[in-house]
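In what follows, a structure is listed as structure tokens, so that the remarks can point back to it.
Order of listing sets the numbers, starting from 1, for every ligand and every atom in it.
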Amino acid sequence: MTNESQAWKNLETHYQKLREVHLRRLFADDPKRGERMTLKAAGLFLDYSKNRVTDETLELLFALAEESRLQERIGAMFTGDKINFTEGRAVLHTALRMPRGSSVTVDGNNVIPEVQAVLDRMTEFADRVRSGAWKGHTGKRIRNVINIGIGGSDLGPVMAYEALRFYSDRNLTFRFVSNVDGTDLAEAVRDLDPAETLFIVSSKTFTTLETITNAKAARAWLVEGLGNNEQAVARHFVAVSTNATEVKKFGIDTSNMFEFWDWVGGRYSMCSAIGLSTMIAIGPDNFRALLRGMHEMDEHFRTAPIARNLPALIGLLGIWYTSFFGAATAAVLPYDQYLKRFPAYLQQLTMESNGKYVTRAGQRVGYDTCPIYWGEPGTNGQHSFYQLIHQGTRLIPCDFIAFAQPLNPVGQQHDLLIANLCAQSEALAFGKTKEEVEAEGTPAWLAPHRVFDGNRPSNTIFAERLAPQSLGKLVALYEHAVFTQGVIWNIDSFDQWGVELGKVLARRIVPELSSPAEPDLSHDSSTNNLIRYYRRLKKETA
Ligand code: G6Q
């Protein structure tokens, strides 16, 4: 067990010493701390000096990584070992971004040529849509692209589209439909001409209830809008999936299917064919740049010693707060409007991967695993929930993310934005003492309210500018930080039995809600009552 290892015990003892030490003292003791505790790798700069750590803490965390055989496990992932052992699968999203000519074998087969062949097909298709060569059923060019998918088949594409919108073809409209709530599709198509609309049905399994339901409704909308002609489907629907049989059954020509493989986890799939909408939006060259960025971070993670390894360091700092300080949540605060969906994307990546209470050996963990991730872009969050980060009763480690160059320079606004970021991390770390508050002439009764304890940790990540390549690096950075944590917590970061559960539960209740005859219910009394109440209310209000 991880928490029985010597390294873990040393960290527990060390925590008792360090928990009362203030960042003010750590900075005062080492005037160069802010310069020393930084790391630049693959073009990303990390300032980790405002963390509640000393050199000793870091050494102990590195020892923990070593005892957990992190480096060996990294090697196992990259070489295609079946590290997702509960599903008997390799975990090879890194192979999706390897250069042509590389080699990675799964079950004796080099997968890189297949990966590159799919990328080439995506490129050809994206070029045809972007140039107008791909025509809809009535001969009109495509102007709207709608990705239908959910979870990993949605969050990556939406996040990447929003993040890279600056680079997108503005003559095309992109929308993303995920929720089985009919409103999602209705609002997405209400102002669109079916003759100019292309649907990408993205589903690894092609059996996911939400996606297939939405895809069927989209097909009905299209067919009806184009003179009830089923033939129209072929020019307006393409699929991204691992399941050719189901794609064919749905009525999509498999020559319009873009394949990926069971060794790509849903939440790790934005760099696979699931990224087709991204490629159409930003163009194949930009998509390749995104992959290059990811690969650069992959190589850094694979080869750098743990002490100079950016994802490992971020992962270990997260462990320090979660498992030792007991921090229940972590905030991700991008100071870039284009990254507004990045926290939502990270929520799935982190929590679906490491939201587990069973170790690889099948025992219950004896420590806290994944915290709750949340966040909003700065500066908006400052006017709402930052209050709690500054003066609330909980410790919330923060990741600030920013870029040196704005994509839309407007006057001094970028400096204003970054000034806010620097001010926040400074205030969180150092706070404001009673003496400082009183020296400002604040009356004694008011002073306690205006005191800030500080000692609230944060990382700051800077990159040059938001671009496909830098986004790729950021995404891979967090993917590997999550991997690092999964190794240390000794859990399978790549299965998602909680999600699978949801996929079967609702199916059972659907007929109970819609059957004309009163159904025989055998749930618990609350669920039975909710079903009856809903049926009655539906009838009364129809
Ligand atoms: C991701 C999860 C999950 C999955 C969705 C959609 O890692 O497995 O979020 O992506 O449930 O699944 P399909 O792509 O099979 O429709």
**Prompt:** Just which atoms of ligand 1 are under 4.0 Å from any heavy atom in G266?
**Reply:** 1 (C), 7 (O), 10 (O)

**Request:** Before signing off on this row, confirm whether S202 and ligand 1 have an N or O atom pair separated by under 3.5 Å.
**Result:** no

**Numbered atoms and elements of ligand 1 in range of S203, under 4.0 angstrom, heavy atoms** = 13 (P), 14 (O), 15 (O), 16 (O)

**Message:** Once you restrict to heavy atoms under 4.0 Å, what part of Q496 touches ligand 1? Side chain, backbone, both or neither.
**Reply:** side chain

**Item:** Protein contact to atom 2 (C) of ligand 1 [nearest heavy atom, distance to 0.1 Å]
**Value:** E352 OE1, 2.8 Å

**Asked** How are the rings of H93 and H480 set relative to one another: parallel (under 30°), tilted (30 to 60°) or perpendicular (over 60°)?
**Response** parallel

**Request:** Measure from atom 7 (O) of ligand 1 to every heavy atom in K503, R267, Q348 and give the option owning the shortest one.
**Result:** R267

**Asked** Side chains of T322 and W489: does their closest heavy-atom pair fall under 4.5 Å?
**Response** yes

**Message:** Tell me if the centroids of the rings in F324 and W8 come within less than 6.0 Å of each other.
**Reply:** yes

**Message:** Using side-chain heavy atoms (C-beta onward) and a distance below 4.5 Å, is M297 in contact with P311?
**Reply:** yes

**Complete:** atom 6 (C) of ligand 1: closest protein heavy atom, distance to 0.1 Å, is I150 O, 3.2 Å

**Message:** side-chain contact (heavy atoms from CB on, under 4.5 Å), that's the test. Do T213 and E210 meet it? Break it down for me.
**Reply:** CA-CA 5 Å; T213 308; E210 291 90 335; 6.0 Å; no

**Prompt:** Which residue holds the protein heavy atom closest to atom 10 (O) of ligand 1, what is that atom called, and what is the gap in Å?
**Reply:** G152 N, 2.9 Å

**Request:** Output the list of atoms in ligand 1 that are nearer than 4.0 Å to some heavy atom of T208, sorted by atom number.
**Result:** 12 (O), 13 (P), 15 (O), 16 (O)

**Request:** Report yes if E500 has an N/O atom closer than 3.5 Å to an N/O atom of ligand 1; otherwise report no.
**Result:** no

**Request:** Decide yes or no for V177 and N179: does some side-chain heavy atom of the first lie under 4.5 Å from some side-chain heavy atom of the second?
**Result:** no

**Item:** Y161 and N147: side chain donor to acceptor below 3.5 Å
**Value:** no

**Message:** Taking the ring centre of each residue, are F258 and F125 less than 6.0 Å apart?
**Reply:** yes

**Asked** Starting from atom 15 (O) of ligand 1, which protein heavy atom do you reach first, and at what distance in Å?
**Response** T205 OG1, 2.6 Å

